[in-house]
Amino acid sequence: MAVDEKVNTPLLDELEKGPWPSFVKEIKKAQSVGPMATDLLGQLELSYEDKIGHWKHGGIVGVLGYGGGVIGRYSDVPDKFPHVAHFHTLRVNMPSGWFYSTEALRTLCDIWDRHGSGLTNMHGSTGDIIFLGTRTEELEPCFAELTQAGFDLGGSGSCVRTPSACVGPARCEWACYDTLKMCYEITMAYQDELHRPPFPYKFKFKFSGCPNDCVASIARADLSVIGTWKDEIQQDDEAVRQYAAEGLDIQRDVVERCPTRCMSWDGEKLTIENRECVRCMHCINVMPKALSPGKERGATLLIGAKAPIVQGALLSSVLIPFVPEDELLETIKELTDRVWDFWDEYGMNRERVGELIQRVGMANFLDAIGLDPTPEMITAPRDNPYIFFREEEGEEEESEA
Amino acid sequence: MAVDEKVNTPLLDELEKGPWPSFVKEIKKAQSVGPMATDLLGQLELSYEDKIGHWKHGGIVGVLGYGGGVIGRYSDVPDKFPHVAHFHTLRVNMPSGWFYSTEALRTLCDIWDRHGSGLTNMHGSTGDIIFLGTRTEELEPCFAELTQAGFDLGGSGSCVRTPSACVGPARCEWACYDTLKMCYEITMAYQDELHRPPFPYKFKFKFSGCPNDCVASIARADLSVIGTWKDEIQQDDEAVRQYAAEGLDIQRDVVERCPTRCMSWDGEKLTIENRECVRCMHCINVMPKALSPGKERGATLLIGAKAPIVQGALLSSVLIPFVPEDELLETIKELTDRVWDFWDEYGMNRERVGELIQRVGMANFLDAIGLDPTPEMITAPRDNPYIFFREEEGEEEESEA
Amino acid sequence: MAEKPKRITDIGPPHYQKFLPPIIKENYGKWKYHERLGPGVMVHVSEAGAKCYTVRCGSPRLLSTKTIRFLAELADKYCGGYLRFTSRNNVEFLMDSPDNIEALKKDLADAGFPVGGTNNAISNIVHTQGWVHCHSSATDASGIVKCVMDALYERFTHEDLPAKLRIALACCLNMCGAVHCSDIAILGVHRRPPRILHESLRKVCEIPTLIASCPTGAIRPKTIDGQQTVEVVEEQCMYCGNCYTVCPAMPLNDPENDGLSIWVGGKVSNARSEPKFSKLAIPYLPNNPPRWPEVVQAVTKIVEVYAANARKYERMGEWIERIGWPRFFELTGIEFTRYHIDDFKHAGLTYHRSAHIRM
Amino acid sequence: MAEKPKRITDIGPPHYQKFLPPIIKENYGKWKYHERLGPGVMVHVSEAGAKCYTVRCGSPRLLSTKTIRFLAELADKYCGGYLRFTSRNNVEFLMDSPDNIEALKKDLADAGFPVGGTNNAISNIVHTQGWVHCHSSATDASGIVKCVMDALYERFTHEDLPAKLRIALACCLNMCGAVHCSDIAILGVHRRPPRILHESLRKVCEIPTLIASCPTGAIRPKTIDGQQTVEVVEEQCMYCGNCYTVCPAMPLNDPENDGLSIWVGGKVSNARSEPKFSKLAIPYLPNNPPRWPEVVQAVTKIVEVYAANARKYERMGEWIERIGWPRFFELTGIEFTRYHIDDFKHAGLTYHRSAHIRM
Ligand code: SRM
Ligand code: SRM
Ligand code: SRM
Ligand code: SRM
Ligand code: SF4
Ligand code: SF4
Ligand code: SF4
Ligand code: SF4
Ligand code: SF4
Ligand code: SF4
Ligand code: SF4
Ligand code: SF4
């Protein structure tokens, strides 16, 4: 079938209407790059007509020596839309924090116009630059040009996935550690694990500078690194009064919204019982000029988030309550290595770390990675009496103070 | 071995010391009734010496035609303590609310002195009068005398267990229905199920007159009936002011402890947003003279509480949010019958109703007993996407308003 | 004896109305409010202005008929021949005037019965049979209750806690009583898999039922000397005792390893917060009769820390939720161990899935 | 082309420092506070008093290189040749003075890019591939996002909600993106068990792996015409698609039955309350391209009810927890069905185990 730039897409055309920028327009813009966009439009219109996707289950394609970074994709109607018969994506590892020079952006566009559809996702849900749609034979040349330009592929398959970070210290006053640096260092440290799938399943790192968690690390990362502080909230009383003077209802909007109710406001002075503060960020969020995280900064390490497949979605749970910033990189690496060792040995096929911990039990997992249990790791002790007492301890007298 | 009233019990004697009334003294008092108490002392002293119980697993003993009400018990050291070689208990169904005339109490004592150890529990955890310890051949005569005196046995085994009720309208201003009456009526309605175990496992009813739940029904009853009200809390503003005047800090102790924060106090008037009130009782508990449950009274029916064996402990969960008092008896009976039908058919051996519901799923259970699902039955809708859609509904268009 | 009485069955309990004292009968369902008159004493006032005075006293629950007769005598003397027991095994004397309160209290004191247990006192300990009657028990019941109540006596006779404090004890995991929802629960625990009495097993137990009874699947069929019996995979056993309940040839009792565990923060009432389960505080304390000093000390300590730190109207569990479990362990000095981390069915839901942390 | 470049691998991403504009580089880690300057515009002020102005605009995420070049042009014109994207696929222009804000906004408006998404606005919808690229999808992604954002456009360009409101969409249960913790999640669902393409199954799938992949054990081995294949026990299938992921011969796509579900009340941040999962609001809405009116209407309704009822700083889930789920269903008019009641692993923990009830 011949490519017709003016392919008839009455249904998709409906999506050019309305105020929000239109992805259909974007696909149409890419028609000038080559014939792929046109066939994509055609196939998508077909999907809209018959309410079903027209992509086949991906095959294994990639670049030499890498086990990931490319998602193979083939049309199930290649006769009708030959230019998307292959329509693989490349995942290109974005720079930390998604900062770009325009020069770099143009280089990426140039490469992709030469080797692909001219369509991208800026960015994929994991954070990669997604080059959306090309043929198998373009993969290797595209990769060569990318690396020449200083870019490399991101992850796919059972590997370390492209780590991501919130904007952090680059443009945020609340970053409790350098998220961009940490993301970069970890990405570099695990290039091999990123490109050559070594695990039972995928493993994701995400770095947020504070408990606001602007990269949703607690929901989506096997290792979630969330900035926090150990000492007291920094407080500028004059600035507090200023907020009050400008109309902020400190009692209602700050004090009464504090989850631990550890603050009090007498109309003049805000008092924080820092010992009770759980570092939720709310008061700081509301009064950025008056309050900020303490000076003794670092991060909480949490483990195990994932989407529902197959044992149900998980949020990450606390593993180390506080690591000072200057020990963070080493601690993450050491911890990760120990976690991976255990996962490699005991993880089942397609079992994320979070599911493994659920299956073997947190206490056994801690034993395996050599961490002592602390009450911060749990919301409450067990309420069922089914304790697996260990033989050795029958002898000693357990005692409590 | 001969019975020696002055059996040597140095360890138990330690438990005659101290201000709290001593059960050892009680056992010693019963020595005058007959030789059982003495051998009980002896065997118990032995347990204290070697830190282990000396009772054998109970055999099946009972009274003619009843499948429950007696717990068989035999000593594993009958040679040493022949008078407790048999030491069965009878569970005697207590009167609703544990009220007694002294006459009735004495009658019970007389019967028990004639036929047993002279030791009791007033009462067992389920609420029964426990006649503690007798021989097999005494069971039938003891039962005959009990029924002559107007008493009957309570439950044991896989039957309806002796229902119990809080003191309710007899001496409590908060009873939202007549707990004593309901307990009596239900006990009488199910005499057959109480005495002749018909079920996969035990089934308990408990009746509390208000959400304070003074018989712990939500923790211990397969069917928990908890009084509540539908309209507004009755409020006496003058009495509120009186409490304030007498020093009650209404803001701190009432308003700020309300779980929904649906109250406000301006120093003069207490305002309750009754629509938001969850009927927790706290404010009423603190100011009994000023506040009381509304006038439209009835009960919430909850289902499924149990101790941990074997799938873990459960609290009862909401089945019918509100039943008006005058429909309560009929509703409970109708509902119970439907629940039992389902349990009889699908319950496994030793599976409590609460566990059955967990196993088959609440929605299927509701279908089976013919109740519509309501959001009050759950704390939150599902968070996992694993919905078993039903075939029929593929066709109709489900809609939402 | 003359004639054998005709056998009657299914008569049920006597009707409660027969046993209600006049003050109750007359004002049944018409109570308006009540007032506390001090530990163990309260008055309920009816719409008509009638008053019912209650004096509550503690009891060891295990009562001889002699003592019941004594209590009946007091009820005859002061209460017109009626009394009641409470849902926590205390005894309540009900009177239509305050006149006899002091005399009654004196008689009770002379006989060794403490008056109290109301309001923000520690009430009686709900408990079970222990070595006095049950075959399943990992510990005694009445003995420990006696020791703990001796130590907490003043907490029964005074109403000076932040809120009600309910203690319960069960002597094995069957948990007779509402132990699982108590402010403080004392629970007997076995810590070794059942022994298997192969000889009697063959005679008295059905092997398929026995195997099915184990929630963890730890019991497997086995042939010894050509005879069918079972074995227990020790690592899979969590000492629940369900196998023993269905088969007497699988006893768990073990003088060396049986003992007690302490649980805290449960509640039953809906007042303020929803009902909650008790959570593990101390996984194991030894059986140390006759006075169980370790248990007494542990419970006392928890009570004292609670009393000193909780806010008014804050039940144990509400207090702990406010301060957080890490602080609870810190304040009580109880060690946090691997056993505190749940590993049963819903364990994953107890992992702390947020960055809310007190530092 | 002349010479083939030497093949290099494992270089990782370019160092981020190369891409930081001077205002960022100079004040890196030294920001003191920020202020909102209106929808989509904010200023961050450093300890040294330097200011970084940000203008944020929405994007369809699926961008042609043409559009990227256009955005780059704007960045050259106003921002010294740098820009960034956010974690929700918006574009941020960073400037060291406020002078160009209005001009930039005008250029963006002319090109059809809305400025907003900050503070208490609805930000961009995190989403996935849908029919544009994925083989698993039960629905399209970009199309629905376009329709919903058209309808909620004013909520993006204004900051007038009680709090942040994050919407996400995933086109199948794999849930690429943080759909499971969104204020509103739109989720593609299959509602029929996989079809089995027996011919190709034999060729491309490993039967034991396939059988093991099913979390409910619904897949069983079967022999058809002497050939090994599988069958699916339909009542046990919950349409998760895991079998299809491991075996292409088990497609679930079904034009009649595929569609969407709506979930509400999740959040990620630790602000105030702990992070939470989204909960089921509407089990099924039909796939109705090109404008999915049922989905648009449902989402809009939920947003409007939330906007009208929630308190300041109350995220969707916090609001619902305050008013209770019964009230949520009442206010939104959404029907409560058997599907809302959980029946997965921890279902029992969602049963309402207290007498706390609003009548
Ligand atoms: C492209 C992307 C969606 C997007 O449009 O942005 C994507 C696309 C796919 N994901 Fe994903 N996932 C993408 C981010 C995610 C995320 C979000 C994240 O990483 O933060 C998640 C949830 C977090 C998590 O990992 O749990 C996610 C959870 C999944 C899952 C379920 C994993 C689980 O443990 O539950 C699968 C299924 C699988 O792995 O077999 C999956 C599988 C897939 C596959 C490979 C389909 C498959 O079954 O093999 C999709 C390929 C689509 C295509 O044809 O392009 N994708 N996937 C995202 C990656 C782009 C990037 O690199 O930046
Ligand atoms: C006597 C009593 C304890 C006491 O000292 O008060 C008692 C004693 C026994 N209970 Fe119980 N239970 C007693 C109230 C309870 C309660 C409390 C209640 O009913 O409110 C519970 C918890 C609530 C519940 O039912 O879940 C309770 C939960 C159990 C269980 C665990 C049931 C479960 O589903 O988890 C068992 C095990 C069994 O049934 O096999 C059990 C089994 C037993 C047995 C029969 C032992 C056995 O394994 O066969 C005990 C006999 C002891 C003996 O030798 O006298 N007992 N049992 C209570 C009955 C007295 C009465 O009738 O008033
Ligand atoms: C007599 C008794 C009912 C009975 O039928 O026997 C009873 C009677 C009263 N209870 Fe109760 N409760 C009785 C067991 C309970 C139980 C069950 C239990 O302890 O096993 C509970 C649930 C305990 C729990 O949550 O774990 C219970 C939770 C309450 C509450 C809620 C307290 C709270 O803040 O959580 C109140 C309200 C209050 O005290 O302010 C209450 C209030 C009352 C009042 C004031 C009701 C009234 O107006 O008459 C009665 C006097 C209480 C007192 O001790 O000060 N009653 N009460 C029970 C006495 C037991 C005892 O001897 O100590
Ligand atoms: C730019 C970005 C980080 C990045 O590296 O790209 C970012 C930047 C900021 N976030 Fe964020 N957040 C960003 C994604 C997130 C996410 C992740 C997400 O949406 O997927 C979250 C978690 C959302 C959730 O809980 O579901 C997030 C939760 C917050 C919060 C907590 C809000 C709350 O009350 O729950 C704050 C505090 C606030 O807004 O008061 C915050 C505050 C901020 C501040 C004010 C921080 C600062 O001082 O600079 C930044 C401007 C926010 C604004 O939009 O008004 N940011 N922020 C992300 C912008 C996404 C977008 O284009 O809309
Ligand atoms: S997570 Fe915290 S540090 Fe990072 S951008 Fe968001 S608010 Fe700033
Ligand atoms: S950060 Fe959160 S917990 Fe800490 S004081 Fe502020 S509002 Fe309270
Ligand atoms: S449950 Fe309610 S009605 Fe019954 S005694 Fe307790 S407070 Fe009174
Ligand atoms: S009964 Fe409870 S929820 Fe209702 S107003 Fe009183 S304190 Fe609040
Ligand atoms: S708790 Fe266990 S040992 Fe104690 S009485 Fe009940 S069944 Fe027997
Ligand atoms: S004690 Fe419980 S876990 Fe152990 S073998 Fe017996 S039934 Fe199984
Ligand atoms: S959510 Fe499902 S259909 Fe959508 S991109 Fe991810 S795997 Fe594909
Ligand atoms: S869709 Fe899921 S539940 Fe259904 S057969 Fe496949 S793997 Fe099993």
Side-chain angles (χ1 to χ4, degrees), chain A residues 11 14-15 18-21 23 26 29-30 47-48 50-53 55 57 93 95-102 105 109 112-113 118 120-122 125 144 147-148 150 152 169-171 173 180 187-188 191 211-213 215-216 218-220 257 259 280-282 288-289 307 309-310 313 315, chain D residues 5 8-14 16 19-20 24 28-29 31-34 44 52 60-66 68-69 72 75-76 81-82 84-85 87 112 131 135 137 142-143 146 149-150 153 174-178 180-181 215 242 248 253 255 268-272 275 287 289-291 313:
Chain A
L11 294 173
E14 288 299 313
L15 293 172
W20 189 254
F23 74 102
E26 293 299 318
K29 278 191 201 163
S47 285
Y48 271 57
D50 52 18
K51 303 188 191 178
I52 195 165
W55 300 110
H57 207 285
N93 198 333
S96 270
W98 300 287
F99 281 93
Y100 295 92
S101 66
T102 52
L105 278 178
C109 290
W112 191 229
D113 284 352
T120 73
N121 287 150
M122 295 295 276
S125 295
T147 47
Q148 280 301 329
D152 198 346
R171 202 213 39 205
E173 65 268 34
L180 303 193
T187 310
M188 296 311 287
Q191 283 293 298
N212 282 329
D213 199 359
V215 285
I218 203 167
R220 309 187 294 162
R257 296 237 162 260
C280 86
M281 288 297 295
H282 175 72
K289 285 189 198 173
I309 305 300
V310 295
L315 295 169
Chain D
I8 36 182
T9 65
D10 299 287
I11 57 171
Y16 56 95
F19 299 147
L20 302 178
I24 296 289
Y28 196 90
W31 300 106
K32 199 162 153 30
Y33 66 88
H34 74 279
H44 284 75
C52 172
R61 186 179 84 131
L62 195 169
L63 295 179
S64 63
T65 48
K66 245 190 195 155
I68 299 175
R69 287 180 213 272
D76 285 340
Y82 299 92
R84 80 175 287 264
F85 294 81
S87 62
W131 294 334
H135 62 294
S137 51
S142 317
K146 164 74 174 134
M149 285 310 288
D150 278 346
Y153 188 80
N174 283 337
M175 287 201 190
C176 305
H180 54 302
C181 295
N242 204 43
N253 297 3
V268 163
S269 82
N270 288 279
R272 299 168 307 284
N287 258 333
R291 299 283 326 183
Y313 296 118

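Since this is a predicted model, take the numbers as computed values, not measurements. Per chain, numbering begins at 1; letters A, B, ... match sequence-line order.
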**OP:** Write down the atom of S47(A), the atom of W131(D), and the distance for their closest heavy-atom approach.
**Re:** O-CZ3, 3.6 Å
Original post:
What part of Y153(D) lies closer than 4.5 angstrom to a heavy atom of chain A: side chain, backbone, both or neither?
Top reply: side chain
Subject >> Closest-packed option against chain A by number of heavy-atom pairs under 4.5 Å, given N287(D), N242(D), I11(D) >> reply: I11(D)
**OP:** Search all heavy atoms of Y33(D) against all heavy atoms of P288(A) and return the closest pair with its distance.
**Re:** CB-O, 3.6 Å
Original post:
If every non-hydrogen atom of W31(D) is compared with every non-hydrogen atom of E173(A), which pair is closest and at what distance?
Top reply: O-CB, 3.4 Å
Original post:
To the nearest 0.5 Å, what is the distance between CG (L180(A)) and CZ (F19(D))?
Top reply: 13.0 Å
Original post:
In terms of heavy-atom contacts, does NZ of K32(D) have more than 12 from other residues, nucleotides or ligands at under 6.0 Å?
Top reply: no
Subject >> Contacting region of M188(A) [heavy-atom separation from chain D under 4.5 Å] >> reply: side chain
Subject >> Side-chain touch M281(A)/N270(D), heavy atoms, less than 4.5 angstrom >> reply: no
**OP:** Apply side chain to side chain donor-acceptor pair (under 3.5 Å) to Y100(A) and list each qualifying residue two or more places apart in sequence or on a separate chain.
**Re:** H123(A)
Original post:
Counting heavy-atom pairs under 4.5 Å to chain A, which of G81(D), G29(D), G112(D) comes out on top?
Top reply: G81(D)
Original post:
Of the listed residues (T187(A), V310(A), D50(A), N121(A)), which shares the most heavy-atom pairs with chain D below a 4.5 Å separation?
Top reply: N121(A)
Original post:
Can you name the residues that form a side chain to side chain donor-acceptor pair (under 3.5 Å) with N253(D), not counting sequence neighbours?
Top reply: none
Original post:
Are L11(A) and P289(D) close enough that some pair of their side-chain heavy atoms sits under 4.5 Å apart?
Top reply: no
Original post:
Is a side-chain donor or acceptor of N93(A) paired with a backbone partner of G12(D) at a separation under 3.5 angstrom?
Top reply: no
Original post:
Any idea which of C181(D), S142(D), G143(D), P275(D) has the most non-hydrogen atom pairs under 4.5 angstrom with chain A?
Top reply: S142(D)
Original post:
For the candidates S137(D), P215(D), A72(D), A75(D), which exhibits the highest count of non-hydrogen atom pairs separated by less than 4.5 Å from chain A?
Top reply: A72(D)
Subject >> Residue pair S125(A) / R61(D), side-chain heavy-atom distance below 4.5 Å >> reply: yes
Original post:
Would you say the side-chain atoms of E14(A) pair up with the backbone N or O of R291(D), donor to acceptor, closer than 3.5 Å?
Top reply: no
Subject >> Heavy-atom contact with chain D under 4.5 Å, split by part of N212(A) >> reply: both
Original post:
Among T147(A), D213(A), V215(A), L315(A), which has the most heavy-atom pairs under 4.5 Å with chain D?
Top reply: T147(A)
Original post:
Which atoms form the tightest heavy-atom contact between T102(A) and Y82(D), and what is the distance?
Top reply: CG2-N, 4.2 Å
Subject >> Choice from P21(A), A30(A), G53(A) maximising heavy atom contacts with chain D below 4.5 Å >> reply: P21(A)
**OP:** To the nearest 0.5 Å, tell me how far M122(A) CE sits from S64(D) OG.
**Re:** 11.5 Å
Subject >> Side-chain touch P19(A)/D150(D), heavy atoms, less than 4.5 angstrom >> reply: yes
Original post:
Which pair of heavy atoms, one from W20(A) and one from K146(D), lies closest together, and at what distance?
Top reply: O-NZ, 2.6 Å
Original post:
Are any of the side-chain heavy atoms of I218(A) and V268(D) separated by less than 4.5 Å?
Top reply: yes
Original post:
Quick one: does H180(D)'s side chain have a donor or acceptor within less than 3.5 Å of a partner on A219(A)'s backbone?
Top reply: yes
**OP:** Please state whether the side chain, the backbone, both or neither of H44(D) comes within less than 4.5 Å of a heavy atom of chain A.
**Re:** side chain
**OP:** Check whether any side-chain heavy atom of W98(A) lies under 4.5 Å from a side-chain heavy atom of S87(D), and answer yes or no.
**Re:** yes
Subject >> Interchain contact, K66(D) with chain A, by part (heavy-atom threshold 4.5 Å) >> reply: side chain
Original post:
Rounded to the nearest 0.5 Å, how far apart are CG of L105(A) and CZ of R69(D)?
Top reply: 10.0 Å
Subject >> Choice from C52(D), P14(D), C176(D) maximising heavy atom contacts with chain A below 4.5 Å >> reply: P14(D)
